[in-house]
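Notes to accompany the following structure.
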Amino acid sequence: MARSNKSFRIPSASHAPLALALCVALASVSVACGRTSIGSSSAEGGASSGTGGTGGTAGTGGTGGTAGTGGTGGTGGTGGTGGTGGTGGTGGTGGIPPICINDWDCDDLNFCTTDLCIDSQCDYQQKDSDDDGFVDEVCGGVDCNDLNPNVNPSEPEICTDAADNDCNGVADCSDPACVNAPACGCIPDPNGENCTNGVDDDCDTTVDCNDADCIGTPACGCTQDEVGLCDDGIDNDCDTQIDCDDSDCTSSTNCQCQATQEICNNNLDEDCDLLIDCADPDCAGTTWCACIPPGTPEMCNDNVDNDCDTFVDCADADCAISSFCATCIPEICDNGVDDDCDNLIDCADDACAFAPNCTPTPEICNNGLDDDNDTLIDCADPDCSNNPLCLIQQSNCLTAKLISGTGTFTGDTTGNIGEFIGSCGGGAGEAIFYFVLTAPSFVHLDSVGTSFDSVLYVRFGSCEDGKEIGCDDDSGGYQWSAALDFTILYPGTYYVYLDGFTIDPQFGANEGPFVLNAQIVPNPPEICGDSLDNDGDHYVDCADVDCVNDPNCFNCNNGNPPGPEIGIAACTDGQDNDCDGDPDCADDDCSASPYALTECCNGTDQNDNGIPDDFSCQCVSDNDCMSSMICYTHSVWTCGYPCYQFFGEVCPSVALGSYCNMATGQCEF
């Protein structure tokens, strides 16, 4: 066994005071995310004085700065003998302040400013979306959730609202402040979010008008119609129809163009997304854009991706010297033509990044364009994370939909771009859900009723890189539906991906209307004899006090009552304490390390890395661990030293996708 690259140290002082001091220091520094005023400085006028004899030449008034104060007039020259003093210069005129009609006129393209039009003048303030007096941490502030006024570093932890109120990295039952609380964990209101009460009713950590459920409601503002607002991704008039789906927008040029079907082999951009043929996601899986590896050498004039590198004809580097591509010229950025033959037009082409007509604008979330030039388009852009259209698609981690409990959830994956894939398939676009467990629970998921060949997979802790704990393709028993059963899942956050199995070269992507059926049963009873921890208390079968008197467990430990095989004493006594057939180190409870496979829970350092037992001792609480260790109850349920006492990042090895939380000393997700 190779020596572990994780080393252990006992720090000379606790890290917690250092972290607190750093937080206080940050809070005392004014960090500017963007400008707060325009033209705050002004030019100051100068003047020249006259010379003796002849009156001084009048000083020239200074020119006013933009939206600033007029310059000061020049001082008159001093008269010489018999001369007349010069006349003072005229003060300069102040600059013209920015004139605006609405807030959009003041948009400075800075995510970190709130741009307001007040009395026809633009006012710029650091963004504080929840008005709690703390700027969002992504803009240099210390508010870890700027969509909830009950979350910021000055708030005490509330143990029943699903939010990390005090911004220490853990919420509710996982927060040390809730250890002795009479109750912890959030129970969603069955009526959903109330948009006017200042409370997070649906336990999604966003409140009132910051909650996507409230966008397009009278409580959060509605317009008379959608005319002139057909490309902002918002149901402005609250009629449940967004942008081009609203009849108010039928005459919009953009909507008429977007409704046009892209033709995938003619070098034209029919649907106005600045993407041509196979560069357009609409063409994924079509005859021209699909290829079976390894393919054949690229032909440069057939509009087909012959060599399976996703580039077609002149967009493929293999065709750089082909006579068919001799007409390719540097991209012209305002003519609607793919001049350089890369299937990208005008501002969608990297060659136009600095063209005047391609200056970034705020991201519009439903036009297929990278409006703000950050390489992220529409719902893939964090600017669109709270956009209603993107939330309906729920196609990425930014817009995952909450499963609040047992129920049926529907939607449509048509047009969703695949960002993830499970171990059992999932090459098409997906819809992403998440659920938060506050108690051990039985969980069943299936896609019965879905219109396409679907797969289901689940990850724990992190949407992007959490550990996959289950994946299924066709076990649902009905029309290629999938099903997953988890006898027990412990408290934490889980992400569910309902994905299309593949993109077929002939028939296209597995996509369309879907159904997700979820059953969540908290605190199920223990079944004695199935080798599973059914009730989630981390004691299995005869090790569980619920099974002590079960016929298969009664006095099974050499005539003595059974007990858990947990801790150094139980793992070194030569007994099969839990009657599972495996005594001491042969029992997984005594050899539980996820990476130090040669370690056993016996109080010694068997792999010679300086860490005795090295996460090998199973535990239910800190009482099961040596006095200097803690039970990692937020991830792997094994004993270890606090994560901040290791050199380097130990958590990715202990629990994939986790990070070290200084407040708890545990690996968190």
Side-chain angles (χ1 to χ4, degrees), residues 104 107 109 226-236 241-286 288-289 303 310-315 328-353 355-381 383-384 387-390 392-393 395 412 414-417 429 508-509 511:
W104 283 100
D107 196 330
L109 305 182
E226 201 100 1
V227 175
L229 301 169
C230 296
D231 57 1
D232 61 359
I234 296 174
D235 179 19
N236 304 93
Q241 302 298 314
I242 298 174
D243 291 353
C244 296
D245 292 329
D246 195 311
S247 59
D248 298 336
C249 296
T250 53
S251 61
S252 165
T253 302
N254 286 339
C255 291
Q256 291 175 353
C257 189
Q258 290 177 31
T260 304
Q261 179 68 37
E262 179 76 9
I263 299 173
C264 299
N265 65 338
N266 64 353
N267 292 318
L268 296 177
D269 177 27
E270 285 85 9
D271 58 1
C272 303
D273 61 0
L274 305 186
L275 304 174
I276 290 176
D277 297 350
C278 296
D280 193 320
D282 295 339
C283 295
T286 61
W288 298 276
C289 305
N303 289 315
T310 72
F311 297 105
V312 176
D313 293 357
C314 296
C328 300
I329 61 174
E331 186 72 13
I332 299 171
C333 300
D334 59 0
N335 64 351
V337 176
D338 180 22
D339 305 284
D340 58 1
C341 309
D342 63 355
N343 290 345
L344 306 173
I345 294 176
D346 296 352
C347 297
D349 196 314
D350 290 341
C352 296
N357 63 299
C358 298
T359 300
T361 59
E363 186 71 16
I364 297 172
C365 302
N366 65 337
N367 63 355
L369 304 178
D370 180 19
D371 306 283
D372 55 5
N373 292 358
D374 63 355
T375 73
L376 302 172
I377 296 176
D378 292 356
C379 296
D381 194 316
D383 296 342
C384 298
N387 180 278
L389 186 64
C390 298
I392 290 173
Q393 293 178 3
S395 60
D412 196 319
T414 302
N416 287 4
I417 305 300
E511 61 182 16

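Only this structure's heavy atoms are used, side chains among them; waters, hydrogens and symmetry mates stay out.
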Completion exercise
All heavy atoms of I276 vs all of L268, minimum pair found to be CG2-N, 3.8 Å
Exercise for the section: Answer yes or no: is there a donor N or O on one side and an acceptor on the other, between the side chain of N265 and the main chain of N303, under 3.5 Å? Expected result: no
Handout entry: Interatomic spacing from CD1 in I242 to SG in C230 - rounded to 0.5 Å
Key = 12.0 Å
Handout entry: Residue pair V337 / I345: nearest heavy atoms and the distance that separates them
Key = N-CG2, 3.8 Å
Handout entry: Shortest non-hydrogen contact from C255 toward C249
Key = CB-O, 3.6 Å
Fill in the blank from the handout: SG of C283 to CD of Q261, rounded to nearest 0.5 Å, is 8.0 Å
Practice task
To the nearest 0.5 angstrom, please state how far the SG atom of C257 sits from the CG atom of D271.
Solution key: 6.5 Å
Exercise for the section: Measure across I263 and D277 and return the closest heavy-atom pair with its distance rounded to 0.1 Å. Expected result: O-OD1, 3.2 Å
Handout entry: For L344, the option from L274, D269, L275 that meets side-chain contact (heavy atoms from CB on, under 4.5 Å)
Key = L275
Practice task
Side-chain contact test, heavy atoms from C-beta onward, threshold under 4.5 Å: evaluate it for D243 versus L389 and give yes or no.
Solution key: no
Practice task
Working to the nearest 0.5 Å, report the span between CG of D372 and CD1 of I377.
Solution key: 10.0 Å
Completion exercise
dist D340:CG -> C352:SG (nearest 0.5 Å) comes out at 7.5 Å
Handout entry: Heavy-atom pair with the smallest gap, counting every atom of D371 and I364
Key = OD2-N, 2.9 Å
Practice task
Spell out, as yes or no, whether a donor-acceptor pair under 3.5 Å connects the side chain of D248 to the backbone of V227.
Solution key: no
Exercise for the section: Starting at CD1 of I332, measure out to CG of D346 and round the result to the nearest 0.5 Å. Expected result: 9.0 Å
Practice task
Ignoring hydrogens and angles, state whether a donor on the side chain of D412 or T414 is under 3.5 Å from an acceptor on the partner side chain.
Solution key: yes
Exercise for the section: Indicate yes or no for a side-chain donor-acceptor contact from N373 to the backbone of C358 under 3.5 Å, with no hydrogens or angles considered. Expected result: yes
Exercise for the section: Please report the closest heavy-atom contact between C379 and C365, naming both atoms and the distance. Expected result: SG-O, 4.1 Å
Exercise for the section: Output yes when a side-chain donor or acceptor of E363 lies under 3.5 Å from a complementary backbone atom of D370, and no otherwise. Expected result: no
